[in-house]
Amino acid sequence: MTDFATPNLPAIDMVATSAFYQKLGFVEDYVSPGWMILSRGGLQLEFFPYPDLDPATSSFGSCLRVDDLPGLYQACVAAGISQTAVGMPRVHPPQKEASGLTISYMIDPNGSLIRMIQND
């Protein structure tokens, strides 16, 4: 097995968080009252309950490096995620940045910043 890391992110409501990510093509691999693992192809996100989290002040985040950023972005749009500059959840279209990376940014319902980065 190849080494890999899985982001651990907060979920104000585990059921709502699962439903949000399922709209993006994630499936539940494991669910218990204290932990949840979701996957989409080679991507894996793990969530822990944090019912008192204020999503407006959250500093949680993760990078997802993907081979098909346009496809993942379109899944966000198809799921009805707002394409605005404020509010949550929201998603920003992919753009090539000064770093040379093409990145799309999503804020999930828990206030976590998900950077979606196109693999070279």
Side-chain angles (χ1 to χ4, degrees):
M1 175 183 243
T2 305
D3 293 346
F4 68 98
T6 58
N8 294 188
L9 299 170
I12 296 167
D13 178 310
M14 299 284 263
V15 172
T17 297
S18 179
F20 174 82
Y21 280 96
Q22 284 182 45
K23 290 180 184 176
L24 304 181
F26 284 81
V27 297
E28 292 181 344
D29 291 332
Y30 175 82
V31 180
S32 76
W35 206 255
M36 177 170 63
I37 302 172
L38 305 177
S39 65
R40 181 183 193 267
L43 299 175
Q44 196 172 64
L45 297 173
E46 300 191 23
F47 294 89
F48 56 91
Y50 195 155
D52 298 330
L53 177 67
D54 175 0
T57 62
S58 175
S59 60
F60 290 92
S62 177
C63 292
L64 302 179
R65 295 180 181 266
V66 298
D67 290 334
D68 183 15
L69 178 56
L72 182 54
Y73 173 73
Q74 284 306 318
C76 293
V77 172
I81 299 174
S82 176
Q83 300 173 68
T84 60
V86 296
M88 62 188 79
R90 71 176 183 265
V91 67
H92 300 265
Q95 293 188 7
K96 189 152 194 142
E97 299 198 351
S99 64
L101 298 173
T102 301
I103 305 176
S104 175
Y105 297 90
M106 179 181 69
I107 307 292
D108 80 1
N110 302 297
S112 295
L113 170 61
I114 309 297
R115 295 167 189 87
M116 301 178 291
I117 303 170
Q118 176 66 48
N119 287 332
D120 290 335

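Computed over heavy atoms, backbone and side chain alike; hydrogens, waters and symmetry mates excluded. Just so it is clear, the model here is predicted, and its values are computed rather than measured.
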Trainee: I'd like to know if the side chain of Ser104 and the backbone of Pro93 have a donor-acceptor N/O pair within less than 3.5 Å.
Mentor: no
Trainee: Roughly how far, to the nearest 0.5 Å, is CG of Leu53 from CZ of Phe48?
Mentor: 8.0 Å
Trainee: Is there a side-chain contact between Ile81 and Phe20, using heavy atoms and a 4.5 Å cut-off?
Mentor: yes
Trainee: Keeping Asp54 on the side-chain end and Ala56 on the backbone end, is there a donor-acceptor pair under 3.5 Å?
Mentor: yes
Trainee: Distance from Leu38 atom CG to Glu28 atom CD, nearest 0.5 Å?
Mentor: 6.0 Å
Trainee: At their closest point, which heavy atom of Pro109 faces which heavy atom of Pro55, and how far apart are they?
Mentor: O-CB, 3.8 Å
Trainee: Measure the spacing between CG of Leu45 and OG of Ser18 and express it to the nearest 0.5 Å.
Mentor: 11.0 Å
Trainee: Taking the side chain as every heavy atom from C-beta outward, state whether Pro49 and Pro33 have any pair of such atoms under 4.5 Å apart.
Mentor: no
Trainee: For Thr6, does its backbone N or O pair with a side-chain atom of Asn8 as donor and acceptor, under 3.5 Å?
Mentor: yes
Trainee: Closest approach of Leu64 and Ile114, non-hydrogen atoms and distance?
Mentor: CD1-CG2, 3.6 Å
Trainee: Might you point out which heavy atoms bring Cys76 and Met116 nearest each other, and give the distance in Å?
Mentor: SG-CE, 4.1 Å
Trainee: Please check this pair: side chain of Asn110 against backbone of Ile12, looking for a donor-acceptor N/O pair closer than 3.5 Å.
Mentor: yes
Trainee: I'd like to know whether CG of Asn119 has more than 12 heavy-atom contacts from other residues, nucleotides or ligands below 6.0 angstrom.
Mentor: yes
Trainee: Work out which heavy atom in Pro89 is nearest to a heavy atom in Ser82; give both atom names and the distance.
Mentor: O-CB, 3.8 Å
Trainee: Connecting only ILVMFWY residues whose side-chain heavy atoms lie within less than 4.5 Å of each other, what is the rest of Leu101's hydrophobic cluster?
Mentor: Met88, Ile103, Tyr105, Ile107, Leu113, Ile117
Trainee: On the 0 to 90° scale, with breaks at 30° and 60°, tag the Phe47-Tyr21 ring pair as parallel, tilted or perpendicular.
Mentor: tilted
Trainee: So do Gln83 and Val77 actually touch side chain to side chain, heavy atoms under 4.5 Å?
Mentor: yes
Trainee: For the CZ atom on Arg65, are there more than 12 heavy atoms of other groups (residues, nucleotides or ligands in this structure) within a distance under 6.0 Å?
Mentor: no
Trainee: Give, for atom OG of Ser39 and atom CD of Glu46, the distance between the pair rounded to the nearest 0.5 Å.
Mentor: 10.5 Å
Trainee: Just how far is it from atom OG1 of Thr84 to atom NE2 of His92, taken to the nearest 0.5 Å?
Mentor: 7.0 Å
Trainee: Taking atom types as modelled, is there a side-chain donor on Gln118 or Tyr73 under 3.5 Å from an acceptor on the other?
Mentor: no
Trainee: I'd like to know if Val27 and Tyr30 are part of one continuous hydrophobic network [Ile/Leu/Val/Met/Phe/Trp/Tyr, side-chain heavy atoms within less than 4.5 Å].
Mentor: no
Trainee: Quick check on Gln95: does its CD atom have over 12 non-hydrogen neighbours (other residues, nucleotides or ligands) under 6.0 Å away?
Mentor: no
